[in-house]
Amino acid sequence: MQTQVHKILTGVVLLAITTVISTFAQTTQTYPKLAGYVGIAHPIVTFSSDGTHTNFKDSYTIGMPIGINIWKSARIGFSSEIVPTIKATNSSSKVSNVLFHPGILVALGSGFTFAGRAAFETSGRYGLTPVINKIVKKNKGCSYFVAIPLPARFGNDQPSSFGIGFQFGIAF
């Protein structure tokens, strides 16, 4: 009788240990971690010595960021995105610019991430884009996010400019 109780107890302990190890293995993230994302970016306002320009006034401009994030750890990562931009007026629409946007990611906690990006545009402009990003809904296979990009641009015989935008998207 003691042998059967001992075998049952041993089985229960092994099952408990296996369950704990399995649960821990499922919640532990391994690095590097790779994630892709797509989104929609709306420039809202741009300030320069030429004046203040708002989207929707004379035309509508929309960007469609496509990117890959490579997280080295839970805190630091690298990101690279390409943003084709479409400009629509009353008479036409066209791809007006393509932006190459590599940068560093810093997890700030509570679902917030800072992205410090370099900017290289086919329009000849270049600069920096600090971005504050927030995961607003996290699912098992994807996450929805919102972001505030703050582009600063220079070059191509145009005045320096600073802008504010709004972006939302899905990461997977």
Q | Residues clustering with V83 (ILVMFWY side chains joined when closer than 4.5 Å, directly or via others) | A | L99
Is there a side-chain contact between [X] and [Y], using heavy atoms and a 4.5 Å cut-off?
{"X": "K33", "Y": "K72", "result": "no"}
{"X": "F112", "Y": "F114", "result": "no"}
{"X": "V98", "Y": "I82", "result": "yes"}
{"X": "N69", "Y": "L34", "result": "no"}
{"X": "P65", "Y": "Q167", "result": "yes"}
{"X": "R125", "Y": "S161", "result": "yes"}
{"X": "Y144", "Y": "N139", "result": "yes"}
{"X": "P102", "Y": "F100", "result": "yes"}

Q: I would like to know whether Y37 and I170 meet side chain to side chain contact (heavy atoms under 4.5 Å, CB included); could you show each step before the answer?
A: CA-CA 6 Å; Y37 63 92; I170 182 170; over 6 Å; no
Q | Within 6.0 Å of CG in N156, more than 12 heavy atoms from elsewhere | A | yes
**Q.** More than 12 heavy atoms from other groups under 6.0 Å of CD1 on I40
**A.** yes
Could you grab the distance from atom [atom1] of [X] to atom [atom2] of [Y], nearest 0.5 Å is fine?
{"X": "F47", "Y": "S160", "atom1": "CZ", "atom2": "OG", "value": "15.0 Å"}
{"X": "K57", "Y": "S59", "atom1": "NZ", "atom2": "OG", "value": "10.5 Å"}
{"X": "Y60", "Y": "N55", "atom1": "OH", "atom2": "CG", "value": "6.5 Å"}
{"X": "H101", "Y": "F120", "atom1": "NE2", "atom2": "CZ", "value": "9.5 Å"}

Going hydrophobic residue to hydrophobic residue with side-chain gaps under 4.5 angstrom, can you get from [X] over to [Y]?
{"X": "F166", "Y": "I164", "value": "yes"}
{"X": "I86", "Y": "F56", "value": "yes"}
{"X": "F168", "Y": "I62", "value": "yes"}
{"X": "M64", "Y": "V95", "value": "yes"}

(Q) Could you walk me through whether T113 and L105 satisfy the side chain to side chain contact (heavy atoms under 4.5 Å, CB included) test, starting with their C-alpha distance in whole Å, then the side-chain angles of each, then the deciding distance to 0.1 Å, before giving a yes or no? (A) CA-CA 7 Å; T113 302; L105 301 171; 4.3 Å; yes
(Q) Given 3.5 Å as the limit, does a donor-acceptor pair link the side chain of T89 with the main chain of S92, or not? (A) yes
Q. Do side-chain atoms of K134 reach the backbone of S110 as a donor and acceptor pair under 3.5 angstrom?
A. yes
Q: Report the C-alpha distance between S80 and I68 in whole Å, list the side-chain angles of each, state the deciding distance to 0.1 Å, and finish with yes or no for side chain to side chain contact (heavy atoms under 4.5 Å, CB included).
A: CA-CA 6 Å; S80 184; I68 293 178; 5.6 Å; no
(Q) Just to verify, which of T61, T122, T85 counts as forming a side-chain hydrogen bond (donor to acceptor under 3.5 Å, both in side chains) with N97? (A) T122
(Q) Run the side chain to side chain contact (heavy atoms under 4.5 Å, CB included) test on K87 and S93 for me, step by step, so that the C-alpha distance in whole Å, both residues' side-chain angles and the decisive distance to 0.1 Å come before the verdict. (A) CA-CA 6 Å; K87 184 175 185 176; S93 64; over 6 Å; no
Q) Shortest non-hydrogen contact from I70 to P32? A) CG2-CB, 4.2 Å
Distance-only donor-acceptor hits, side chain of residues 146-155, under 3.5 Å, sequence neighbours excluded:
| residue | atom | partner | partner atom | Å |
| --- | --- | --- | --- | --- |
| R153 | NE | E121 | OE2 | 2.7 |
| R153 | NH1 | L128 | O | 3.1 |
| R153 | NH1 | T129 | OG1 | 3.0 |
| R153 | NH2 | T129 | OG1 | 3.0 |

